[in-house]
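Keep in mind that what you see is a predicted model, and the values were worked out from it rather than measured. Each chain gets a letter, A, B and so on, in the order its sequence line appears, and its residues count up from 1.
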There are 2 protein chains.
Amino acid sequence: MMQEPALSPVRATRQRAAIENALERSRVFMSAQELHQELKGSGRRVGLTTVYRTLQSLADASRVDVLRNENGELMYRRCESRRHHHHLVCTSCGKSVEIASDQLETWADQTARRHGFTAVKHVAEVYGLCSACS
Amino acid sequence: MMQEPALSPVRATRQRAAIENALERSRVFMSAQELHQELKGSGRRVGLTTVYRTLQSLADASRVDVLRNENGELMYRRCESRRHHHHLVCTSCGKSVEIASDQLETWADQTARRHGFTAVKHVAEVYGLCSACS
DNA sequence: TTATCTGCAAACATTTTGCAGCGAG
DNA sequence: CTCGCTGCAAAATGTTTGCAGATAA
């Protein structure tokens, strides 16, 4: 069993609390910039640099999921499960569901092996309109 | 059957020829910057702007595949098949294989439907070491 | 001839880094 | 009191755009 990395230094700062809090409330992926705006809008002032650095450290600790949107920007969302998983993301409201998929893993492994590839990793995300948006 | 878009105006310029030629010879994904360097190295001078614009238009016409590397940079490679497909990419030498995957499509559709999502699209790439590199 | 194409320079957008000051422990 | 955290300003990157001049057709 893999153990979650023991996140190095963590000082309980106002900024970090604000960021984690915002992530906790959101069920959608947000960019660092969006999160920064969100915080600013609700009166909690946190420097953009700090938002970037904090999100990065949270991602390193597998506390948030990271993926790139169409424009190549990094998007973050609180992790529900620490296990390997993928996402089903609504292209309209941004809501996302974490999905497990043994089937997908199996397919990736088999496909790779069939072509003589080893040490397989993969990325996969599914996009569509959620029931509320369609 | 979908018909390939009738690519708007296309003048046969030296630059476009150089770019298409370089793409034709390469079996690996290259960034616009890399392609630009490659051309410069082999004596064929093409402006970086032109490389970007040409690759973009080729991508629009589905003549090249586009995907983002880990750093979010756009990578291009000549398309072997115009049909929807995914890639198996060697993380060492960059060589890639186009892979079809009815299984994957089916999985994406079913997963989405199960969660009430419609209008499904998906992205998926598989990474590993090819036989020559492992 | 003329509408495209080219390419430089400048603009852009996102993310990272240098560094002086703040503040949690 | 210390050392990590913060945040401004500036740098770094990758990509796009404005525009004047070159050039296929």
Requested in this report: Indicate, with a heavy-atom threshold strictly under 4.0 Å, whether A:Thr13 touches base, sugar-phosphate, or nothing.
Outcome: sugar-phosphate

Query raised in the report: Donor-acceptor pair under 3.5 Å: do we get one between B:Thr54's side chain and the base of C:dC5?
Result: no

Report summary line: Between CG of A:Leu55 and P of D:dC5 the distance, given in whole Å, is 15 Å

Report task. Rounded off to whole Å, could you give me the CG-to-C1' distance for the B:Leu74 and D:dT16 pair? Result -> 12 Å

Report summary line: Picking from D:dG14, C:dT6, C:dT2, the nucleotide nearest the side-chain atoms of B:Arg11 would be C:dT2

Query raised in the report: When all nucleic acid strands are considered with a 4.0 Å heavy-atom cut-off, which category describes A:Gln33: base, sugar-phosphate, or nothing?
Result: base

Requested in this report: Considering just the side-chain nitrogens and oxygens of B:Thr50, establish if one lies under 4.0 Å of OP1 or OP2 belonging to C:dG7.
Outcome: yes

Report task. Find which nucleotide of DNA chain C each of B:Gln15 and A:Met75 is nearest to by heavy atoms, and output the residue with the more 5' nucleotide. Result -> B:Gln15

Requested in this report: Spell out, as yes or no, whether a donor-acceptor pair under 3.5 Å connects the side chain of B:Glu98 to the backbone of B:Ser81.
Outcome: yes

**Report entry** Euclidean distance, atom CD of residue A:Glu73 to atom C1' of C:dT16 [Å, nearest integer]
**Finding:** 16 Å

Query raised in the report: Rounded to the nearest 0.5 Å, what separation is found between the NE2 atom of A:His86 and the CG atom of A:Leu67?
Result: 11.5 Å

Query raised in the report: Which is true for B:Ala32 with a 4.0 Å heavy-atom rule: it touches a base, it touches only sugar-phosphate, or it touches nothing?
Result: nothing

Query raised in the report: Rounded to the Å, how far apart are B:Lys40 NZ and C:dC8 C1'?
Result: 13 Å

Query raised in the report: For B:Val46, does its backbone N or O pair with a side-chain atom of B:Gln15 as donor and acceptor, under 3.5 Å?
Result: no

Report task. Determine the contact category for A:Arg14: base if any of its heavy atoms lies under 4.0 Å from a base atom, sugar-phosphate if only primed atoms, P, OP1 or OP2 are that close, otherwise nothing. Result -> sugar-phosphate

Query raised in the report: Roughly how many Å is it from CD in A:Gln56 to P in D:dC5, rounded to a whole number?
Result: 13 Å

**Report entry** Residue closer to the 5' end of DNA chain D, B:Gly72 versus B:Ala12 (nearest nucleotide)
**Finding:** B:Gly72

Query - Spacing of A:Glu70 atom CD relative to D:dT15 atom P, expressed in whole Å - result: 15 Å

Query raised in the report: Does a donor on one side chain sit under 3.5 Å from an acceptor on the other, for A:Arg11 and A:Thr13?
Result: no

Report task. Round to the nearest Å and state the distance from A:Leu48 atom CG to C:dG18 atom P. Result -> 17 Å

Query raised in the report: Do B:Ser42 and B:Arg44 have side-chain atoms, one donor and one acceptor, less than 3.5 Å apart?
Result: yes

Query raised in the report: What about B:Arg53, does its side chain sit under 3.5 Å from the base of C:dG7 through a donor-acceptor pair?
Result: yes

Report summary line: From OH of B:Tyr52 across to C1' of C:dC12 the rounded distance in Å is 13 Å

